[in-house]
Amino acid sequence: EASLRASGLPVAGSIYGSSPVTGAQDLATLRRIIARCPHEDTPCQRLLLLQGEGSDYAEHLATLLAKRDERVLIISARFQHTDNYTIQDGDSPRGLLQVLQGQFETAKIHHHEQFDAIASGGTSRYGAELLNTRRFEALLDTYAQDYDRLLITSDYQGCSAEGESL
């Protein structure tokens, strides 16, 4: 956090809690993130959450946004570790990774009470490259038609080569 502030980048704060994020300081940080990304009359807004090895706070952020009557889709691009969403259509996963590799046109959307989510679909050493494709951009454009916010979660760190490429 200190190095980001020293670089002049806007910082909402740190997430200290483990999963689930429940502390007052964590919720305040999430509310600051929302305040820095006003929605109002803009079309679907895309937020990239570079979470590194830290807590996965996407569901908590999505819940806060849903309480503001926003339709939220979490897209897990956590290609270095398994994510929270499991996909079982028989034996074949249908997550983001499979779509970006051209195996499927669309990913399976998991419906939760407050938000929807797409699983990463597995691990890949080439996740950053797959996220920098026209196919991923077209996929985001498709989902933007049905949602107010797209939260793309990644386990890359902002200061890593992969994070900087996104």
Any side-chain heavy atom of Lys67 within less than 4.5 Å of one from Gln114?
-> yes
Look only at the side chain of Thr142 and the backbone of Ala138, and say whether a donor-acceptor pair between them is shorter than 3.5 Å.
-> yes
Leu97 side chain reached by Thr123 side chain, heavy atoms, under 4.5 Å | no
Would a 4.5 Å heavy-atom cut-off, applied to side chains only, mark Val99 and Ile118 as touching?
-> no
Quick one: does Arg71's side chain have a donor or acceptor within less than 3.5 Å of a partner on Asp146's backbone?
-> yes
When rounded to the nearest 0.5 angstrom, what is the spacing between CG in Leu150 and CD1 in Ile74?
-> 11.0 Å
For residues Ile152 and Phe136, determine if any side-chain heavy atom of one lies less than 4.5 Å from a side-chain heavy atom of the other.
-> yes
Could you label the plane-to-plane angle of the Tyr147 and Tyr143 rings as parallel, tilted or perpendicular, counting under 30° as parallel and over 60° as perpendicular?
-> perpendicular
Can any side-chain N or O of Gln98 pair as donor or acceptor with the backbone N or O of Gly95 at less than 3.5 Å?
-> yes
Is there a side-chain contact between Val72 and Asp148 (heavy atoms, below 4.5 Å)?
-> no
Would you say Ile75 and Leu73 make side-chain contact, with heavy atoms under 4.5 Å?
-> yes
Mind checking what makes side chain to side chain donor-acceptor pair (under 3.5 Å) contact with Glu137, not counting sequence neighbours?
-> Arg46
Hey, are the side chains of Leu61 and Phe115 touching, using non-hydrogen atoms and a 4.5 Å cut-off?
-> no
Arg135: salt bridge (Lys or Arg N to Asp or Glu O under 4.0 Å) partners, not counting sequence neighbours | none
Go through the steps for Ser76 and Leu96 under the test side-chain contact (heavy atoms from CB on, under 4.5 Å), then give the verdict.
-> CA-CA 7 Å; Ser76 178; Leu96 180 61; over 6 Å; no
Gap separating the CG atom of Leu65 from the CD atom of Gln45, nearest 0.5 angstrom | 9.0 Å
Check for a donor-acceptor pair, side chain of Asp116 on one end and backbone N or O of Ile109 on the other, with a separation under 3.5 Å.
-> no
